[in-house]
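A short worksheet on the structure shown next.
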Amino acid sequence: MKANDYHVTMDALASLCKRRGFIFQTSEIYGGINGFWDYGPLGVELKRNIKDCWWKSMTQLREDIVGLDSSIIMHPRVWEASGHVGNFKDPMLDCRETKSRYRADQIFVLKHKTDSDALLFAFHEGAPAPAEKKVKKVAKGKAEDYEPVALLDIPLEAYAKLVGPDTNEPGTLTEPRAFNLMFKTFVGPVEESSNVAYLRPETAQGIFAQFGNVCSTVRNKIPFGIAQIGKAFRNEINPRNYTFRSREFEQMELEFFIRPGTDSEWHEYWVAERLKWYEKVGLPEGRMHRDVHEGDALAHYASACTDILFDFPFGTQELEGIAARGNFDLTQHQETSGKKLEYHDEETKERYIPHVIEPSAGVDRIALALLCEAYREEWIPKGKDGGEVLTAEAGVQRAPEGYEARTVLRFAPCIAPYKVAILPLLKNKEPLVEKARGLYEQLSKRWKCFYDQTGAIGRRYRRQDEIGTPLCVTIDFDTIEKDDTVTVRDRDTMEQIRLPIAELENHISNIIDF
RNA sequence: GCGAGCGUAGCUCAGUGGUAGAGCUCCACCUUGCCAAGGUGGUUGUCGAGAGUUCGAAUCUCUUCGCUCGCUCCA
């Protein structure tokens, strides 16, 4: 997908998100801080709706999944067991001359087989040709006399003789430094190493660590799942693309425990289930993709992993990963903690550590995807029944003659921040206002509603379009003088129907409820 | 993290050393009997932050923070 084919630019979207109160830069009055975002009055409703739809689909609409809310800071040994303390870092090194940065584990070195004083030539993994050339040109040697070794196996003393991948001079590379992507803090008032703790980089480990307690309290039979929604923190090197890669973000994770050997069928099941969910909340099939990891792209303990991707304006990017993790996590925790984390399968009379399928989704990424997908700029014909609605041309703000522009967020109704706007036709006619206020109070008991009496009625419709409110209900003189009916106006078609107030709640419920 | 560009009202932006501006938005009143941009009046800024040069800085210099793009990274 080319960026210029997309129906919205990130600039236009970010502008609307700020103007209407979806997303703000965090602590903006102090200049902001890279990788952290705040959700405004509309954004928080949007996110809540995403989480509610997920939570409902997991824990309410099925009886084999229960919820959990574990703490953000856990015992540091949780992260030893999970491998995050050991592996959750990428040693990096810089070239002082070219200012390039490399991942140490991806750099290899041509080393002379016998002469330990000879120069060493670094190269990118799998691409030794430039280094072989340098062997001939710079060292006047033969390629046969050299052998490739991993950079991490080269002693630091030898770095003075090491020629970087993009230079011909030795000694320009810094020593590799570990970049731990977990946020570190201290428990208790004293900052000493024995008090170190981490903000969780994922919510999943809280589920594994409480596996035993959950099993012994809810009497669940395999297969069953434990779901959790919560904040996670990763000290990303370079947050980019608006809220897409943030340092503080929210995850919705399910650990679905299964009998060993049934991994691939349950993995496929959850990929299909999750794709159905995305369609239900308003991400169309045409913009969704699967990325099936194979070979080296798979973690060593995983038997399958499929990413669910979405076409963003800045490229096709991951919303969710669905991994078949075997029994790696529970086994690790059992070994590290010394506590049994086995499941007694009464059907097969066996004890075993269950395998797990993990659908792990990012709430903020889904919110961003929904905003990108929902955003539309349209040119609509002036006057009644005037013909076809056009998609606005990118960058052209004024509509052509006979048309007028409208910006609309076409959220799925279950996702929209406000569900219904209640509008008196005129604000200076007391009976209209009184009736509208009463209806607003009535409907607010069931849905997030918006009351607006300011400006012309058409203008108020457009305001609701821009924040994605699916329905507008207008109170006019027929309502109060004649038959107690109201006008219900649809956001997407802009069509209006007349309904008795008595039928209103039922009508709204059919459209809105997840 | 490196390089380049950019930070002025809620949004989009003009303003190259001399009293901070425009359009839209927003608010009030009027008008408005169903799809915005009629009328009148009004609010809003430490010109991203800090320091320096200068009689005087939005404007010049330095530092810093943030944003965008490219490289890098994305378990």
Side-chain angles (χ1 to χ4, degrees), chain A residues 3 9-12 14-21 24-36 40 82-84 86-90 92-103 105-106 124 166 174 177 179-182 201-202 234-242 244-247 297-300 302 305 307 314 317-318 321 323 360 380-384 386 397-399 404-408 423-429 432 454-466 472-479 481 486-491 493-496 498:
Chain A
T9 63
M10 291 310 290
D11 285 348
S15 169
L16 179 124
C17 283
K18 180 163 189 199
R19 192 158 27 101
R20 292 301 183 188
F24 306 126
Q25 192 176 31
T26 198
S27 35
E28 193 193 66
I29 57 169
Y30 292 104
I33 172 167
N34 196 359
F36 298 90
S82 69
H84 286 87
N87 302 327
F88 206 102
K89 50 187 168 187
D90 299 313
M92 309 276 285
L93 67 161
D94 296 311
C95 176
R96 296 186 190 92
E97 188 185 310
T98 65
K99 308 293 182 197
S100 305
R101 165 165 288 182
Y102 312 100
R103 241 177 80 174
D105 61 337
Q106 293 177 347
H124 292 278
D166 301 304
T174 64
R177 291 169 292 169
F179 285 68
N180 193 326
L181 297 187
M182 279 199 293
E202 60 176 37
R234 295 179 194 180
N235 207 348
E236 298 284 356
I237 295 169
N238 190 359
R240 237 352 124 80
N241 289 329
Y242 202 29
F244 182 80
R245 180 168 294 117
S246 305
R247 289 182 163 130
L298 273 180
H300 64 90
C305 182
D307 283 348
F314 47 83
Q317 299 277 354
E318 178 188 344
S360 167
I380 57 176
K382 280 183 183 168
K384 284 169 188 167
Q397 282 170 0
R398 281 214 95 75
E404 55 194 6
R406 90 162 174 157
T407 301
V408 54
L423 318 168
L425 186 59
L426 298 172
K427 75 170 165 188
N428 56 0
K429 301 289 187 289
L432 288 180
T454 311
I457 188 71
R459 179 180 202 76
R460 281 178 271 163
Y461 287 151
R462 292 301 160 72
R463 259 187 221 142
Q464 296 307 315
D465 289 343
E466 210 177 28
C472 291
V473 173
T474 303
I475 285 76
D476 60 21
F477 291 98
D478 282 359
T479 317
E481 290 168 358
V486 291
T487 304
V488 180
R489 180 260 193 187
D490 182 90
R491 176 196 66 202
T493 63
M494 293 184 284
E495 278 167 10
Q496 309 187 92
R498 254 203 113 77

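For the numbers below, each heavy atom of this structure counts, side chains included, while hydrogens, waters and symmetry mates do not. Letters A, B, ... are given to chains in the order of the sequence lines, protein chains preceding strands, and every chain is numbered from 1.
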| task | Would you kindly give the CZ-to-C1' distance between A:Arg406 and B:rC24, to the nearest whole Å? | result | 20 Å
| task | Choose from B:rC35, B:rC34, B:rU32 the nucleotide whose nearest atom is closest to any side-chain atom of A:Ile457. | result | B:rC34
| message | Taking the minimum atom-to-atom distance to the side chain of A:Lys427, which one of B:rU32, B:rC27, B:rC35 wins? | response | B:rU32
| Of the candidate nucleotides B:rG33, B:rC11, B:rC34, which contains the atom at the shortest distance from the side chain of A:Phe477? | B:rG33
| When you compare B:rU54 with B:rU59, how far apart are their P atoms, in angstrom units rounded to a whole number? | 16 Å
| Rounding to a whole Å, what distance do you find between A:Asn241:CG and B:rC71:P? | 12 Å
| task | Taking atom P in both B:rC27 and B:rC60, compute the distance separating them and give it to the nearest angstrom. | result | 37 Å
| said: If you only use heavy atoms from C-beta on, which nucleotide in B:rC27, B:rC35, B:rG66 is closest to the side chain of A:Gln496? | reply: B:rC35
| request: Under the side chain to side chain donor-acceptor pair (under 3.5 Å) rule, collect the residues that match up with A:Asn235, sequence neighbours excluded. | output: A:Arg247
| Given B:rC11, B:rC71, B:rC27, the nucleotide with the shortest approach to the side chain of A:Lys18 | B:rC11
| request: Indicate yes or no for a side-chain donor-acceptor contact from A:Arg459 to the backbone of A:Thr454 under 3.5 Å, with no hydrogens or angles considered. | output: no
| message | Please give the distance between the P atoms of B:rA58 and B:rG1 as a whole number of Å. | response | 30 Å
| Looking for any heavy atom pair under 4.0 Å, which part of the strands does A:Phe24 touch: base, sugar-phosphate only, or nothing? | nothing
| said: Pairing check on B:rA20: which nucleotide meets the Watson-Crick or G-U wobble criteria with it, both distances under 3.5 Å? | reply: none
| Atom P, compared across B:rU72 and B:rU63: separation rounded to whole Å | 27 Å
| message | Over all strands shown, is A:Thr487 touching base, sugar-phosphate only, or nothing at heavy-atom distances under 4.0 angstrom? | response | base
| task | Please determine if a side-chain N or O atom of A:Asn428 lies less than 4.0 Å away from the OP1 or OP2 oxygen of B:rU31. | result | yes
| Side chain of A:Leu426: nearest nucleotide among B:rU25, B:rG33, B:rC34? | B:rG33
| task | Searching all strands shown, indicate the nucleotide that pairs with B:rC47 (Watson-Crick or G-U wobble; both distances under 3.5 Å). | result | none
| task | Check every atom of B:rC34, B:rC35, B:rG70 against the side chain of A:Arg240 and return the nucleotide holding the closest atom. | result | B:rG70
| Minimum-distance nucleotide (side-chain atoms of A:Gln25 versus B:rU32, B:rC11, B:rG66) | B:rG66
| task | For A:Asp476, answer base if it contacts any base atom (sugar-phosphate contacts may also be present), sugar-phosphate if it contacts only those atoms, and nothing otherwise; contact means non-hydrogen atoms under 4.0 Å. | result | base
| request: Spell out yes or no: do the side chain of A:Arg460 and the base of B:rC35 have one donor N/O and one acceptor N/O closer than 3.5 Å? | output: no
| task | Find the partner of B:rU53: check Watson-Crick (N1-N3 plus N6-O4 or O6-N4) and G-U wobble (N1-O2, O6-N3) distances, both under 3.5 Å, and reply none if neither fits. | result | none
| B:rG39 versus B:rG23 - spacing of their P atoms, nearest Å | 12 Å
| request: Determine the contact category for A:Ile33: base if any of its heavy atoms lies under 4.0 Å from a base atom, sugar-phosphate if only primed atoms, P, OP1 or OP2 are that close, otherwise nothing. | output: sugar-phosphate
| task | Pick the P atom in B:rA37 and in B:rG21, then give their distance to the nearest Å. | result | 29 Å
| query | Rounding to the closest angstrom, what is the interatomic distance between B:rG10 and B:rC26 at atom P? | reply | 14 Å
| field | Of the listed nucleotides B:rG66, B:rC34, B:rU25, the one nearest the side chain of A:Arg459 | value | B:rU25
| request: Sticking with atom C1', work out how far B:rG50 lies from B:rC30, rounded to a whole angstrom. | output: 49 Å
